[in-house]
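I have placed the structure first, in the form of structure tokens, so that the comments after it can refer back to it.
Counting begins at 1 with the first residue of the sequence. Counting starts at 1 for both ligands and their atoms, following the listed order. Only a predicted model underlies this, so the values are computations on that prediction, with no experimental measurement involved.
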Amino acid sequence: MKPRKIKDNIYWMGFVDWDSRLFDSLIPLPDGTSYNAYLIKGSEKTVLIDTVEPELYYELEAQLENVPKLDYVISLHAEQDHSGSIPHVLAKYPDAKLITSPKAKNILIDHLHIAEESIITVKDGETLSLGDKTLEFIHTPWVHWPETMVAFLREDNILFSCDFFGSHIATTDLFVTDEAQFYEAAKRYYAEVMMPFRKVIKKNLDKLAEYDIKTIAPSHGPIIPRPSFIIDAHKDWIDDLPENKVVLPYVSMHNSTKKMVDYFVSALVEKGVTVEQFDLTVTDIGKLAIALVDAGTIVVGTPTVLAGPHPHAAYAAFLANALRPKARFLSIIGSYGWGGKTVEILAGLVPNLKVEILDPVLVKGAPKKDGFKALEDLAEAIAVKHKEQGLQ
Ligand code: FEO
């Protein structure tokens with residue numbers, strides 16, 4: 001794709017990736033993604049903000065064909081999907097300097113072997129004059145690495161935010177046109193990448209509130225012409241109060257755990273609790289992550305296998321622990337054959353979750369009357385806890 005004009009002397013470059021289905025060998029990409037770089041031509045200096053995955057450089061190289069001089073390359077974030085082509089760009093423009101945050105400098109040197117003398121570091125709040133345009137660098141750590149920063153183009157009120165406010169979605173729309181579609185992709189992105197850093201995101205949002213941002217240009221997904229839409233969404237997602245919702249990732253081998261899940265879901269619904277259930281043998285892990293953003297309670301459904309939880313259930317627990325959702329309660333349901341340590345092992349996998357553990361329901365073999373009664377009691381306990389805490 002050729003460069004696309006955003007405003008006079010400001011262009012989108014990069015790569016729209018329609019085909020990839022997995023990011024970092026970890027994150028599902030049902031809608032593809034994009035790697036956005038931005039070219040700004042000031043009256044005196046020209047800069048390129050971020051680059052693309054190194055194997056996609058051929059596209060960026062073609063886009064730079066009619067750019068005879070580049071004064072600066074700006075690296076807002078050192079992860080390879082944005083920094084990986086910097087060595088190629090510096091080779092093409094040997095006089096260009098690389099601008100980045102002090103924390104990013106060593107990461108870029110370690111990962112990309114960039115010469116130290118090519119790098120200029122900028123402090124929080126430092127500015128760079130391009131002549132008739134001014135870039136201000138704002139340190140925004142932990143969205144989602146320690147070195148991340150954003151850049152505000154003062155004269156045009158554009159915030160270049162890199163991963164912050166990003167979305168994994170491939171589209172020919174330069175700007176967001178369908179906010180509902182974008183919301184889903186952005187929430188998925190937040191859930192998978194940003195959720196562990198909820199507390200620091202609040203500080204970064206507070207910091208950005210001082211700026212008159214009229215456009216957000218992230219490094220994944222379309223440009224956002226209505227910043228309040230995505231900023232308000234983030235405020236909602238990071239809010240400490242979860243919803244009156246149970247997320248129920250489960251796996252069943254001989255249908256006993258599945259029978260328990262079906263009964264339990266019905267009991268919760270009768271008590272006014274929303275449920276999202278995920279069969280871990282087939283689910284899109286990104287969908288599970290989205291559900292975890294707002295859930296008040298997580299209940300893992302698993303049979304006992306080789307004296308412990310099913311590996312899919314262990315993976316879900318490990319993932320939830322890493323993503324640190326705001327859930328307040330946790331429980332476990334499932335069936336076992338003759339014994340094991342399913343509850344102890346699963347509980348040990350979630351030390352990061354600040355949750356109250358509600359009495360698990362494990363039944364021997366297929367569930368009977370007393371097992372269903374225990375599920376009914378657990379559903380009631382969850383409904384009461386949610387009500388007590390004001391979850392809606
Ligand atoms: Fe899009 Fe953290 O890289």
Side-chain angles (χ1 to χ4, degrees), residues 12-38 48-57 59-60 73-89 98-101 103-112 114 137-151 159-171 176 182 185-198 200-201 204 208 216-224 230 234 237-238 285-286 289-290 319 322-324:
W12 173 93
M13 292 185 175
F15 191 92
V16 178
D17 184 352
W18 294 88
D19 301 327
S20 292
R21 286 294 173 267
L22 198 62
F23 184 81
D24 281 355
S25 304
L26 175 66
I27 296 171
L29 295 174
D31 304 312
T33 189
S34 69
Y35 306 99
N36 306 332
Y38 297 99
L48 180 70
I49 298 181
D50 290 324
T51 66
V52 295
E53 289 274 13
E55 65 269 24
L56 305 176
Y57 176 63
E59 185 104 332
L60 182 59
V73 182
I74 294 167
S75 177
L76 297 176
H77 172 31
E79 193 166 6
Q80 290 243 344
D81 51 328
H82 311 295
S83 68
S85 290
I86 288 174
H88 296 306
V89 176
L98 175 61
I99 293 180
T100 196
S101 70
K103 282 187 181 162
K105 178 178 173 180
N106 287 336
I107 300 175
L108 291 167
I109 291 171
D110 288 344
H111 287 265
L112 299 172
I114 293 171
F137 301 101
I138 308 161
H139 288 192
T140 49
W142 293 110
V143 286
H144 60 122
W145 278 15
E147 90 301 356
T148 43
M149 67 175 182
V150 299
L159 182 77
F160 297 94
S161 63
C162 202
D163 279 350
F164 203 15
F165 308 121
S167 60
H168 281 314
I169 185 167
T171 172
V176 173
F182 170 67
K187 190 171 184 181
R188 171 186 286 267
Y189 192 89
Y190 165 83
E192 293 167 333
V193 178
M194 299 291 172
M195 186 154 60
F197 311 106
R198 271 195 314 125
V200 78
I201 286 173
N204 286 328
L208 293 179
I216 295 178
S219 293
H220 297 289
I223 296 169
I224 305 156
I230 192 66
H234 275 71
W237 299 334
I238 64 171
I285 286 297
I290 293 172
L319 186 71
L323 293 177
R324 299 171 184 250

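Between the side chains of His168 and Asp31, no donor-acceptor pair is found at a separation under 3.5 Å. For the residue pair Asp163/Tyr189, the side-chain donor-acceptor check at 3.5 Å is satisfied.
Between the Thr51 side chain and the His82 main chain, a donor and an acceptor come within less than 3.5 Å of each other.
Ser75 places none of its side-chain heavy atoms less than 4.5 Å from the side chain of Glu147.
Heavy-atom minimum distance, Ser85 versus Glu53: OG-O, 3.3 Å.
Val73 pairs with exactly one of Ile49, Leu98, Asp50 by the side-chain contact (heavy atoms from CB on, under 4.5 Å) rule, that one being Leu98.
For atom 1 (Fe) of ligand 1, protein N, O or S atoms closer than 2.8 Å were enumerated as Asp81 OD2, His82 NE2, Asp163 OD1, His220 NE2, with waters left out.
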